[in-house]
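As the structure lists them, so they are numbered: ligands from 1, and atoms in each ligand from 1. Every heavy atom of this structure was used, including side-chain atoms; hydrogens, water molecules and symmetry mates were not. As the structure is a computational prediction, the values presented were derived from the model and not from experiment.
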Amino acid sequence: MPPTRCGYVALIGAPNSGKSTLLNRLVGRKLAIVTPKAQTTRNRLLGIAIEGASQIVFVDTPGIFAPRRRLDRAMVAAAWSGAADADEALLLVDASRGIDRDTRRILDRLAGRSHRSILALNKIDLVPRESLLGLTDALSREGLFDPIFMISGLKGDGVEDVKRHLAASLPLGPWLFPEDQLSDAPERLIAAEVTREQVFLQLHDELPYASTVETEQWEDKADGSVRIEQVIYVQRPSQRAIVLGEGGKRIKTIGARARAELGQMLERRVHLFLFVKVRQNWIDDRERFEALGLDYDA
Ligand SMILES: Nc1nc2c(ncn2[C@@H]2O[C@H](COP(=O)(O)OP(=O)(O)OP(=O)(O)O)[C@@H](O)[C@H]2O)c(=O)[nH]1
Ligand SMILES: [Mg+2]
């Protein structure tokens, strides 16, 4: 038997660069929510993978951007502290966007790190090969990365190479988590995230950013099913009206899709009850930050 290795690898990058998609692919299971909208992920989430004798603890993080609101600041702080605490930082760059302003800021900050980071040029399925080479060149000239991978987290290209590289290079040591553990996230939190994913997918403009979801009740039933009550907090009565939709149609669809998704993830029957509450200041509310696991004072 080869000696065991174990370590933390933080997935960092601009919003929408594909971190959560890659985390799910690496772990082989959906743990993190994914949407086409930026700033979907609000806090760190562990996804644990085993490759040979190595246990790789991936840390999904919120996208890094110039924060304005308190919530944004806490999200970006969570991302950087995820990177600081990890053995390796793996930067994702969306190949179809190139080095945009957010990625530029990240590169400038990575330059202050004492050892090199890993680069994954992601979404290569969207870009012709010729233009990839120019971008890879530009990024490699930064002198911050070793090695550089070209991947598609969505399709899977190159992902096994990343895993194999990490499995061989993480520190020697015992595994930190039981073999069958996939994440550190409590089921209540994952359940709230699944509903938030539907809020992001089904609502538009400011609404996804004006909402947060919390699981308030969780009851395991004797028949093996689970009864879950959740609250969607919004900031204004007009937003509540939109989330409910005409005759309650919108909230019904949000609930139906979230319930189906949750049923698959938990592998049991789910009874989901959603309530929409107006809490004008949830975005400045310490309790709401704590429910998200974020640092209010970041
Ligand atoms: N074509 C393509 N799309 C991808 C790839 N990886 C992710 N996406 C898409 O990019 C969008 C954002 O993906 P996420 O995984 O949510 O990105 P993220 O970096 O976690 O985003 P935040 O949590 O907002 O920072 C989604 O629509 C994904 O389906 C890829 O390799 N190829
Ligand atoms: Mg994400």
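Take Phe65 and apply the ring-ring contact (aromatic ring centres under 6.0 Å, His included) test, not counting sequence neighbours, and it matches no residue.
With contacts defined as side-chain heavy-atom distances shorter than 4.5 Å, the pair Thr195/Leu272 qualifies. Residues Leu294 and Leu71 meet the side-chain proximity criterion, which asks for heavy atoms closer than 4.5 Å. With contacts defined as side-chain heavy-atom distances shorter than 4.5 Å, the pair Val9/Leu170 qualifies.
Between the side chains of Arg29 and Ser183, no donor-acceptor pair of N or O atoms lies under 3.5 Å.
Residue Leu23 is tested with Thr41, Val34, Leu45 for a side-chain contact (heavy atoms from CB on, under 4.5 Å); the sole match is Leu45.
Ring centroid separation for the pair Phe200 and Tyr209 comes in under the 6.0 Å cut-off.
Screening residues 4-16 for side chain to side chain donor-acceptor pair (under 3.5 Å) gives no qualifying pairs among residues at least two apart or on separate chains.
Within the protein, the N, O or S atoms sitting under 2.8 Å from the Mg ion (ligand 2) are Ser20 OG, Thr41 OG1.
Within 4.0 Å of ligand 1, protein heavy atoms come from Pro15, Asn16, Ser17, Gly18, Lys19, Ser20, Thr21, Val34, Thr35, Pro36, Lys37, Ala38, Gln39, Thr40, Thr41, Gly63, Asn122, Lys123, Asp125, Leu126, Ser152, Gly153, Leu154.
Remark: the backbone N or O of Phe177 is paired with a side-chain donor or acceptor of Gln55 at under 3.5 angstrom.
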